[in-house]
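What you see below is based on every heavy atom in this structure, not just the backbone, and it leaves out hydrogens, waters and symmetry mates. In this chain, numbering begins with 1 at the start of the sequence shown.
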Amino acid sequence: MTPRFDTDVQELKHKVLKEVAALALNDALTPENTLSISEKIIPDGSKPTMRCCIYKERAIINQRVKLALGGNLRNPNVVEVLPIACDECPVDGITVTQACRGCIAHSCMNACPKEAISIVNRRATIDKDKCVECGRCAQVCSYGAILKLERPCEKACKVKAISMNPETQKASIKLDKCVSCGACVYQCPFGAISDKSFITKAIDLVKHSFGNKNYHTYAVIAPSIGAQYADIKAEQVYEGLLKLGFYKVAEAAWGADAVAYYEAEELVKEGFLTSSCCPAFVNLVQKNYPELADKVSQNPSPMAMMALNIRRKDPTAEIVFIGPCIAKKYETLYTRTKNAVSCVITFEEMQAWFDAAGVDLSELEGVQLADASSFGRGFARCGGLADAVAEAIREMEGKEDFKLQALSCNGLAECNAALMKKSRNLLKENFIEGMACDGGCIGGPACLSHSAKNRAIFARYENQEKEKTISEALGAFEKN
């Protein structure tokens, strides 16, 4: 089975991760072997396909190999810039294009608050010394002839954590602003920004268990797995993970059922709450709206909830979380639940591990889990968490009359707007569902694909357990 990625950047990332995983599986992660990865991917005599020459392409691959091995240990961020890959993206900001017709309305000139636009030879001209990049001229142009051009990484970052370093002309990430959402990783067209990988740690955890005799290794997998493959069922992925050597596979969605119930209880008690499931959203609150930090649910994320439940039963367990989220790596390293999960890998890294180990998911029959409800699985899409909390309230005795007014935020821009309103006491809703990624987790930066077809596939996966209530799922969760 060949994975289908959205871009060639993902394909290149996959090739590097696969080679690193193969070396780790064969106990061959020596400096000499890791340096030879670039030559294996781009052999002598190859023609450059991405850059000026194969030597620059190999240099970029070498930087990717370092990230695949854990990245720069002196940099605490889970997202790093690959300097040699950054194209410096010269962008002129507000630009008048050839579509300008030299109309006599002069709407652009009249809309400019700084008088930065003049008409020269029947064509709009912008004085860059006066222009403040407000974009009002672009908004009023009848022909769409004025564009606001931004660097892709800066445009993707809704918390303004990325800017161009004036000395190096390379992208630079401000650690005090970055929330580790990973939007820049997916949106950079040159693949110059990427996340640190812990795939070798995950492989070592499984290998050093010696067939799960020393300890048990668990794979906790995000519910958005249901949106990853057009021709592969989630059950086949579960079996694939067992073939990699994991002792058991558990649905994070089962933990989501528990979170929905406990979060509903907390909301009824407190009267107002924001969700705690998305670490990038929680990071946004803590960094930009510290006055609202006590309004974030005290319940752990579904990932941590599931991991804590496993450790309750099996204290020596080593747990690898697998999902579409780069911010989960931050959560595991730096938050209060950091001791719950041993390490995090993404769906991209999982696929690289499958390919390195020779596991063809299409050949597997699959194993059933069916522990979670459709509400727990629904956490993967924007609005699903709010739906689950509403259902939990309906199932709670004596709380059915509580009026939930939920605001589901689709992406960091909407999250920021909701938090701004709350900070000014202008928000009428009593529950904020914060999702940093557009569409929710099924739009995460480390998904294999981000198409509308994937969302349709997920809907079918979500509804497989439609008859199960949260209470029924929670009863099994507590007994497990």
Side-chain angles (χ1 to χ4, degrees), residues 218-226 234 238 248-270 273-279 281-282 296-315 317 319-323 325 328 331-332 335-341 344 369-381 383-400 402 404 406 431 433-435 440-441 461-462 464-480:
Y218 293 78
V220 174
I221 193 159
S224 45
I225 186 60
Y238 303 155
K248 284 185 179 179
V249 180
E251 285 187 275
W254 203 10
D257 281 313
V259 169
Y261 188 86
Y262 297 135
E263 211 157 84
E265 280 189 328
E266 189 179 3
L267 173 60
V268 172
K269 178 182 177 182
E270 299 296 332
L273 206 64
T274 81
S275 61
S276 59
C277 300
C278 172
F281 172 75
V282 174
V296 178
S297 171
Q298 293 304 299
N299 283 287
S301 66
M303 171 190 77
M305 180 71 80
M306 194 67 242
L308 290 169
N309 188 57
I310 291 171
R311 291 190 184 280
R312 177 171 59 85
K313 186 176 181 180
D314 189 351
I319 300 168
V320 177
F321 176 77
I322 306 169
C325 183
K328 286 295 182 186
E331 179 182 350
T332 304
T335 72
R336 60 190 172 95
T337 59
K338 63 183 179 181
N339 294 323
V341 176
V344 169
L369 294 185
D371 296 319
S373 74
S374 63
F375 294 100
R377 289 181 173 181
F379 267 53
R381 59 172 174 83
L385 193 162
D387 290 344
V389 171
E391 173 63 20
I393 292 173
R394 282 193 292 269
E395 295 180 21
M396 291 166 60
E397 292 185 11
K399 307 297 182 182
E400 302 91 339
F402 180 86
L404 171 67
F431 181 71
E433 174 192 350
M435 289 284 192
C441 301
Y461 171 74
E462 177 184 356
Q464 283 178 357
E465 298 298 320
K466 197 170 184 178
E467 302 303 318
K468 185 182 293 183
T469 66
I470 290 177
S471 298
E472 289 171 342
L474 186 60
F477 179 86
E478 295 293 351
K479 292 177 182 177
N480 182 46

Chemist: Looking at OH of Y261 and OG of S471, how far apart are the two atoms once the value is rounded to the nearest 0.5 Å?
Modeler: 6.0 Å
Chemist: Could you tell me whether a side-chain N or O of W254 sits under 3.5 Å from a main-chain N or O of A473, the two making a donor and an acceptor?
Modeler: yes
Chemist: Would you say S276 and N299 are linked by a side-chain donor-acceptor pair, where the criterion is simply a distance under 3.5 Å?
Modeler: no
Chemist: What is the minimum heavy-atom distance between I225 and A234, and which atoms define it?
Modeler: CG2-CB, 4.2 Å
Chemist: Distance from E433 atom CD to F281 atom CZ, nearest 0.5 Å?
Modeler: 9.5 Å
Chemist: Looking only at heavy atoms, what is the nearest atom pair of P302 and A252, with distance?
Modeler: CB-O, 3.6 Å
Chemist: Would a 4.5 Å heavy-atom cut-off, applied to side chains only, mark V249 and I221 as touching?
Modeler: yes
Chemist: Using the rule given for side-chain contact (heavy atoms from CB on, under 4.5 Å), can you reason through V220 versus I310, listing the C-alpha separation, both sets of side-chain angles and the distance that settles it, and then say yes or no?
Modeler: CA-CA 10 Å; V220 174; I310 291 171; 3.7 Å; yes
Chemist: Does C277 reach the side chain of V259, with side-chain heavy atoms less than 4.5 Å apart?
Modeler: yes
Chemist: Could you tell me which residues satisfy side-chain contact (heavy atoms from CB on, under 4.5 Å) with E270, sequence neighbours excluded, listed by chain and number?
Modeler: E266
Chemist: Quick one, Y262 with M305, criterion side-chain contact (heavy atoms from CB on, under 4.5 Å). Give me CA distance, side-chain angles, the key distance, then yes/no.
Modeler: CA-CA 11 Å; Y262 297 135; M305 180 71 80; 3.7 Å; yes
Chemist: Could you tell me whether a side-chain N or O of D257 sits under 3.5 Å from a main-chain N or O of L474, the two making a donor and an acceptor?
Modeler: no
Chemist: Do T337 side-chain atoms and A340 backbone N/O form a donor-acceptor pair below 3.5 Å?
Modeler: no
Chemist: Show the nearest heavy-atom pair for residues A317 and R311, with the distance to one decimal.
Modeler: O-NH1, 2.7 Å
Chemist: What residues, two or more places apart in sequence or in another chain, satisfy side chain to side chain donor-acceptor pair (under 3.5 Å) together with Y218?
Modeler: D314
Chemist: Are the side chain of E397 and the backbone of E395 linked by a donor-acceptor contact shorter than 3.5 Å?
Modeler: no
Chemist: Output all residues satisfying side-chain contact (heavy atoms from CB on, under 4.5 Å) with L404, sequence neighbours left out; order by chain, then residue number.
Modeler: L267, V389, A390, I393, A406, N430, F431
Chemist: Determine the minimum heavy-atom distance between F379 and A388, stating which atoms define it.
Modeler: CE1-CB, 3.4 Å
Chemist: Any idea which heavy atoms bring A307 and I319 closest together, and the distance?
Modeler: O-CD1, 3.5 Å
Chemist: Provide the full list of salt bridge (charged side-chain N to carboxylate O under 4.0 Å, His left out) pairs with a residue in residues 372-381, sequence neighbours left out, each pair given once.
Modeler: E251-R377, R381-D387, R381-E462
Chemist: With sequence neighbours excluded, what pairs up with S301 under the side chain to side chain donor-acceptor pair (under 3.5 Å) test?
Modeler: K328, E331
Chemist: Closest heavy-atom contact between C325 and P279?
Modeler: SG-CG, 4.4 Å
Chemist: T274: which residues meet the side chain to side chain donor-acceptor pair (under 3.5 Å) condition with it, sequence neighbours left out?
Modeler: none
Chemist: Should E263 and S275 count as side-chain neighbours, where that means a heavy-atom distance under 4.5 Å?
Modeler: yes
Chemist: How many angstroms lie between atom CZ of R394 and atom OG1 of T469, to the nearest 0.5 angstrom?
Modeler: 11.5 Å
Chemist: Rounded to the nearest 0.5 Å, how far apart are SG of C441 and CG of L385?
Modeler: 9.0 Å
Chemist: Is there a donor-acceptor contact under 3.5 Å from the side chain of K468 to the main chain of D371?
Modeler: yes
